[in-house]
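One-based numbering along the sequence shown.
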Amino acid sequence: MDSPTSTATTTTAVESSTAAAVDSSTTTRIVASRSSVIDSLRGCGLSGVRIDKEVLRKKLVMPEYLRRAVVDAIRSKDAAEACDRHYNSAELKVPEDAPQCPMVVFVNSKSGGRHGPVLKERLQQLISEEQVFDLSDVKPHEFVRHGLVCLEKMAILGDLCAKECREKMRIMVAGGDGTVGWILGSLAELHKEARQPVPPVGIIPLGTGNDLSRSFGWGGSFPFAWKSAVKRSLDRAVAGPLCRLDSWQVVVSMAEGQVVDAPYSLKATEECLLDQDLEVEGRLPEKMACYEGVFYNYFSIGMDAQVAYGFHHLRNEKPYLAQGPIANKLIYSGYSCTQGWFLTPCINDPSLRGLKNILRMHIKKVNCSEWEQIPVPKSVRAIVCLNLHNYGSGRNPWGNPTADYLEKRGFVEAHVDDGLLEIFGLKQGWHASFVMVELISAKHIAQAAAIRLEMRGGEWRDSFLQMDGEPWKQPMSREYSSFVEIRRVPHQSVMISG
C-alpha cells in the first residue's frame, strides 16, 4: 500500500527520469533482515571487482570553478556574490563538462568511534576537498541555502554545466542515524520551497545503531580495514536505485513554565495547534509551551527512553567510555540492568509502573479522519512508534506477522513509505531482552497514520521520551495534561538504496 506523496511539476529530462526512478523503486520493498558477517562483507563491496580511482573521480568531481563557487557561497553566506565572481558568460560550460553523478559528502567526525577524520581524509583523496564537508565546519542548512542556491543562480544565467550538476547531484552522509536525519531535515527546505529535484541521500554508517543505514542496504558498520570499501560505497551510490522514506512531525505541548532540556532535534515554536476534536482528561493550561521536531525511525516513551537518557548523561560525563560502537553497546546493556526494569514486579517505585497510569492514546487509521482511543495495556512499560524495519541496531521488534494474523488484527504489511507507524509495547527488562534477540515479537498495539498521547502526572513527576536516539526528560503536572501529537510530513525523503 503506497501513501499519497507530494509531487512537483518538473521541466527537465533529468527530473522526469529521477521521479520515474523513485516511483519504480517503491515497487521493490526493502526487506529487513539481520545480516551475517558474509553479507556485511559483501555489502561493503568486497566482491573482487577493482574500481579504478581515476574513473571514479570522473564520475563524481564537479569542474573546479563550480566547486570553488559553492565553497565561496557557503563561506560568505552570499550566493549572489559568489555566482557573480565565478560565472563567466563568455565561456559558458556545456552539459558534457558535468560529471555523471556529482557527489557531495557530509562527514560527522564525532559519530560512532570517532572514525570521521580518517574517513574524511580518504574521501577528499578520492573526490576533492571542496566536495567533502566536515559537519563541524559546514552545516547542512548552509549548503542548502547558499551552496545549492549558487548553482541554481548560475544555471538560471545560462551555465548548462551548473544546471546539469544541480540536477544530477547526490549526497552521501558519513555518520549515525542522527546525522542522517539532520541532513534529511535540511533538505526538506527544498520541498517547501519547490526547489526540485531534491538530491537523494546515501549512507556510510559511522554510528552505534545505524538503523537507517541497515534499512536501505548500506550495512550496520563500516570496515575501515579496507580502503577499497570507501571507493565501492561511492561507486554504488552513483547508480543505486532510489526509494522513498516517510518522515513524521512531533509536536510536544505542555503548561508554560515547565522546564524541558530538549534535545537538538526538538525546537521551541510559538505555534501550538492542538487538535480540538478530542476531549481532554486533565485540564488545559491557559498558556502552553510547544516544541516540534521530525523523526525518521522511531518515537518512544517509557522504559527504553529512560535507559537511553541515563546512558547519554553517563557518556557525556565520562566521554572516555565512548570508544566505539561495541563499547557503547556494552555500556548501554550494563546500564540498563541497573535501572530496575528486570525486577519491576518486586519494586514499588512509581516510575517503574505501567504507562497506563499516566497515558491516554488516540490514533487515526489510514484514510480515516476520526480519532480512535486505543487502550494502553496494563503490563506495558514502554511504547514505541516505529517507522523503519530496524530498531536497536538492526532488530525487528514488529516481526514478520503472517497474512492471516494481519487480516485478523486489521493490520497491513509494514513498509517505510506506507504512511503508517507500527505501535508496539515492551513489558519489562526481560521481555525487552527477548524481543531484542528476536526470540519473540513485541506486543503489537496498533498501526496509525496519526497519534496523540495525553500525559498526566500523579506519583510520576517526569516521563522519558526519545526520538531517533535523542532522549529527554519530560516534566508532568498533576493538574494539567501534556500532549504529544505525531503526524506524517506531507513530502517524503528520497534515499539511495545500497
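Note: Thr179 OG1 to Asn108 CG = 3.5 Å, rounded to the nearest 0.5 Å. Within the model, atoms NE2 of His491 and NE2 of His191 stand 4.5 Å from one another, a figure rounded to the nearest 0.5 Å. Considering CE of Met103 and CD1 of Ile171, their distance stands at 9.5 Å, rounded to 0.5 Å. Going from atom CD1 of Ile486 over to atom SG of Cys385 covers 4.5 Å, rounded to the nearest 0.5 Å. The structure places CD of Gln466 at 13.0 Å from CG of Leu266, a figure rounded to the nearest 0.5 Å. Atom CG of residue Leu355 and atom NZ of residue Lys378 lie 14.0 Å apart, to the nearest 0.5 angstrom.
Residues Val384 and Tyr391 are in side-chain contact: their nearest non-hydrogen atoms beyond the backbone lie under 4.5 Å apart. Using a 4.5 Å heavy-atom threshold, the side chains of Leu388 and Tyr298 count as separate. Looking at Arg488 and Ser247, their side chains never come closer than 4.5 Å, going by heavy atoms from C-beta outward. Between Val416 and Cys243 the shortest side-chain heavy-atom distance does not fall below 4.5 Å. Leu359 places a side-chain heavy atom less than 4.5 Å from the side chain of Ile383. With contacts defined as side-chain heavy-atom distances shorter than 4.5 Å, the pair Phe143/Ile74 qualifies. You'll find the side chain of Glu422 stays beyond 4.5 Å of the side chain of Ile445, heavy atoms only. Put simply, the side chain of Arg409 reaches to within 4.5 Å of the side chain of His444, judged on heavy atoms.
Ring geometry for Trp248 against Phe295 counts as parallel: the plane angle stays under 30°, on a 0 to 90° scale with 60° as the upper cut.
Checked by atom type and distance alone, the side chain of Asp246 pairs as donor or acceptor with a backbone atom of Gly419 at under 3.5 Å. Under the 3.5 Å distance criterion, the side-chain polar atoms of Gln447 are matched with a main-chain donor or acceptor of Val412. For the pair Asp468 (side chain) and Asn297 (backbone), a donor-acceptor distance under 3.5 Å is present. When atom types are taken as modelled, the side chain of Arg170 and the backbone of Val104 share no donor-acceptor pair closer than 3.5 angstrom. Side-chain atoms of Arg214 come within 3.5 Å of backbone atoms of Gly209 as a donor-acceptor pair (strictly under, hydrogens ignored). With hydrogens and angles disregarded, no donor-acceptor distance shorter than 3.5 Å links the side chain of Asn387 to the backbone of Leu421. When atom types are taken as modelled, the side chain of Gln131 and the backbone of Leu60 share a donor-acceptor pair closer than 3.5 angstrom. In this structure a side-chain-to-backbone donor-acceptor pair under 3.5 Å is missing from Thr269 to Cys290. Between the side chain of Arg166 and the main chain of Pro197, a donor-acceptor pair closer than 3.5 Å is present. Checking side-chain atoms of Arg381 against main-chain N and O of Ser379 turns up a donor-acceptor pair under 3.5 Å.
Taking all atoms of both residues into account, the shortest heavy-atom contact from Asp462 to Pro475 is OD1-CA, 3.5 Å. Counting all heavy atoms, side chain and backbone alike, Leu386 lies closest to Pro397 at CD2-CG, 4.1 Å. The heavy-atom pair separating Leu187 from Pro199 by the smallest distance is CD1-O, 3.8 Å. Minimum interatomic distance between Gly293 and Met467 (heavy atoms only, all atoms of both residues): CA-CE, 3.9 Å. Of all the heavy atoms in Ala305 and Pro471, the pair that sits closest is O-CB, 3.8 Å.
Glu370 and Lys364 are not joined by a salt bridge, as no carboxylate oxygen comes within less than 4.0 angstrom of a charged side-chain nitrogen. Ionic pairing of Arg195 and Glu152 is present here: one or more N-O contacts between side-chain nitrogen and carboxylate oxygen are shorter than 4.0 angstrom. A salt bridge does not link Glu454 to Arg456: none of the charged nitrogens lies less than 4.0 Å from a carboxylate oxygen.
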The test is side chain to side chain contact (heavy atoms under 4.5 Å, CB included); show your working for Phe106 and Met172 and say whether it passes.
CA-CA 6 Å; Phe106 288 96; Met172 287 292 283; over 6 Å; no
Given the rule in the side chain to side chain contact (heavy atoms under 4.5 Å, CB included) test, do Lys443 and Val380 qualify, once you have shown the distances and angles that lead to the verdict?
CA-CA 8 Å; Lys443 185 173 182 61; Val380 164; 4.0 Å; yes
Run the salt bridge (Lys or Arg N to Asp or Glu O under 4.0 Å) test on Lys267 and Glu292 for me, step by step, so that the C-alpha distance in whole Å, both residues' side-chain angles and the decisive distance to 0.1 Å come before the verdict.
CA-CA 5 Å; Lys267 306 296 184 185; Glu292 65 178 5; over 6 Å; no
Run the side chain to side chain contact (heavy atoms under 4.5 Å, CB included) test on Glu372 and Lys365 for me, step by step, so that the C-alpha distance in whole Å, both residues' side-chain angles and the decisive distance to 0.1 Å come before the verdict.
CA-CA 8 Å; Glu372 175 185 343; Lys365 295 183 177 179; 3.3 Å; yes
Go through it in stages, so that I can follow the logic: the residues are Tyr309 and Lys473, the test is side chain to side chain contact (heavy atoms under 4.5 Å, CB included), and I'd like the CA-CA distance, side-chain angles, deciding distance and then a yes or no.
CA-CA 8 Å; Tyr309 180 82; Lys473 184 189 290 187; 3.9 Å; yes
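Here Phe411 and Trp398 bring their ring centres to under 6.0 angstrom of each other.
Screening Ile204, Ile183, Leu135, Leu184 against Val173 for a side-chain contact (heavy atoms from CB on, under 4.5 Å) leaves a single residue, Ile183.
Around atom NZ of Lys59, more than 12 heavy atoms belonging to other residues, nucleotides or ligands sit under 6.0 Å away. In this structure, Lys139 places its NZ atom where more than 12 heavy-atom neighbours from other residues, nucleotides or ligands lie under 6.0 Å away. Within a 6.0 Å radius of CD in Glu407, no more than 12 heavy atoms belonging to other residues, nucleotides or ligands are found.
Side-chain atoms of Trp472 and Gln474 include a donor-acceptor pair closer than 3.5 Å. Inspection of the Asp211 and Tyr296 side chains reveals no N or O donor paired with an N or O acceptor under 3.5 Å. There is no side-chain donor-acceptor pair under 3.5 Å between Asp417 and Gln492.
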